[in-house]
Amino acid sequence: MSADNMGKGIISGAIGILFSCIGMDPNTGDMRFTFGLYQLEQGISVIPCMIGLFSFSQVLVLIGSNREYVANYQPHKGAFREVARTLATKCKAVLLRSSIMGTLIGMLPGAGGEIASIISYNEAKRWSKHPEEYGQGAIEGVAASESSNNAVIGGSLIPMLTLGIPGSAVAAVMLGALMAHGIQPGFKIFSTTGELAYTFIFSQFAGNLLMIPVGFILCSFMAKLLNVKLTFVAVAIVVLSFIGAYAIANSYVDIWIVVFFGLIGFFGGRLGWDTGAMALGVILGPMIEENLGKCFGLAAATDGGFLEVMTAGTVNKVLLVALCLSLATPFIIKLKKNHGKKEAGNA
């Protein structure tokens, strides 16, 4: 997540995991860091956290920029066609890679669009020849994040339809609707109610195709929002952020969570912290803790101990190798860039 400064990236992720420890311990049931607030017993909600890190913090950045408008809007004919041409030519590799990543992440139970968007954006930035353009309006960053986020929906239907395990919150709602009608998802759904399974599959194609004319109609109206003064936009974003956070569980604590993480995202960004790594820590923290507890439980029940549990089986070994390669990738990329600069200097 932070190839340029792995130290700060690891610290940011660790801080996110620390915040994810608030609430009930998934292995022992003990309460931690709740400060007597029963609203925190279920832990930090992911949505208010994301709103604070990526929405409320950006409002603070915009207010501190002394700009009158969010961006300069200069409408011209053919903008939609130009963007479509750019996506079809310049962003082909980004769209393909991010769509595949989104589909694979969507297949993982518990993962979702937030994880897919963050990872895909990071990978697009890491492999780009001009990573400095990311965060400044690079269309490749938008394409990577949104294509991956959209691909998660289709990927999450794979474990739901084949195993009856929802891969996301949307898939969980669909699973509940199917079971309410007496349909049990699983491998038999393709033989007993095949028309329903294939309806889900083809609806994904239809939905993505319908997004093109809908986007074409709405984009010109949405772009005009840039003509609204920054102060009004900032107030509207803050109000909508608070309403969205409160509506999840009707809890005022979620509003304070938005403010808290917004301040962390704002001041942390100035210190060089990676808000993406922090968000990933908050999202993955409960899964990490729960499965780590299971590993310790298995280690206590076996003679080989913790190391044997972590390395037993082919899948475990492959994942450990992938982890080592992931940690080594930033150093390899940095060495290649330095080698390229030396060759350019010698030439």
Side-chain angles (χ1 to χ4, degrees), residues 1-4 50 54-55 58 71 76-108 111-161 167-171 200-223 226 274-277 279-280 283-284 322 325-326 329-330 332-333 336-337:
M1 292 297 295
S2 305
D4 296 332
M50 298 299 105
F54 298 109
S55 179
Q58 289 304 307
H76 62 278
K77 292 184 178 180
F80 188 89
R81 194 182 305 109
E82 181 181 341
V83 172
R85 188 184 302 112
T86 303
L87 291 174
T89 55
K90 190 178 179 182
C91 301
K92 286 190 296 184
V94 172
L95 288 172
L96 179 61
R97 180 173 60 244
S98 300
S99 297
I100 293 174
M101 292 176 63
T103 302
L104 295 175
I105 293 173
M107 292 169 59
L108 301 176
E114 300 91 350
I115 298 175
S117 296
I118 293 172
I119 293 178
S120 297
Y121 178 88
N122 174 73
E123 290 303 311
K125 180 180 178 181
R126 183 162 63 171
W127 294 102
S128 174
K129 295 181 179 178
H130 304 283
E132 68 280 356
E133 295 179 357
Y134 283 71
Q136 306 297 324
I139 191 171
E140 293 89 345
V142 180
S145 178
E146 291 305 314
S147 60
S148 179
N149 182 56
N150 292 339
V152 164
I153 304 301
S156 65
L157 294 179
I158 295 174
M160 188 200 76
L161 292 177
S168 66
V170 176
F200 274 109
I201 295 172
F202 286 109
S203 68
Q204 296 300 307
F205 292 99
N208 282 280
L209 292 175
L210 286 173
M211 288 175 66
I212 298 175
V214 172
F216 177 76
I217 294 171
L218 293 179
C219 66
S220 59
F221 296 101
M222 296 296 103
L226 296 174
D274 193 321
T275 53
L280 206 60
I283 296 170
L284 297 179
L325 290 175
S326 177
T329 299
I332 296 173
I333 294 175
K336 286 185 176 181
K337 287 183 178 179

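In this text the structure is predicted, and so the values were computed from the model without any measurement.
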To the nearest 0.5 angstrom, please state how far the [atom1] atom of [X] sits from the [atom2] atom of [Y].
{"X": "I119", "Y": "S98", "atom1": "CD1", "atom2": "OG", "answer": "11.0 Å"}
{"X": "E82", "Y": "L87", "atom1": "CD", "atom2": "CG", "answer": "11.0 Å"}
{"X": "S120", "Y": "M101", "atom1": "OG", "atom2": "CE", "answer": "4.0 Å"}
{"X": "N122", "Y": "S117", "atom1": "CG", "atom2": "OG", "answer": "12.5 Å"}
{"X": "T103", "Y": "N150", "atom1": "OG1", "atom2": "CG", "answer": "10.0 Å"}

Side-chain donor-acceptor pairs under 3.5 Å in residues 138-147, sequence neighbours left out?
{"unit_1": "E140", "atom_1": "OE2", "unit_2": "K90", "atom_2": "NZ", "d": "3.4"}
{"unit_1": "S147", "atom_1": "OG", "unit_2": "A143", "atom_2": "O", "d": "2.6"}
{"unit_1": "S147", "atom_1": "OG", "unit_2": "A144", "atom_2": "O", "d": "3.3"}

Problem set entry | Distance-minimising heavy-atom pair for R97 and E123 |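 Taking R97 first and E123 second, the nearest heavy atoms are NH2-O, 4.4 Å.
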Exercise. What pairs with F54 under ring-ring contact (aromatic ring centres under 6.0 Å, His included), at least two apart in sequence or on another chain?
Worked result: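 Counting only residues at least two positions away or on another chain, F54 forms no ring-ring contact (aromatic ring centres under 6.0 Å, His included).
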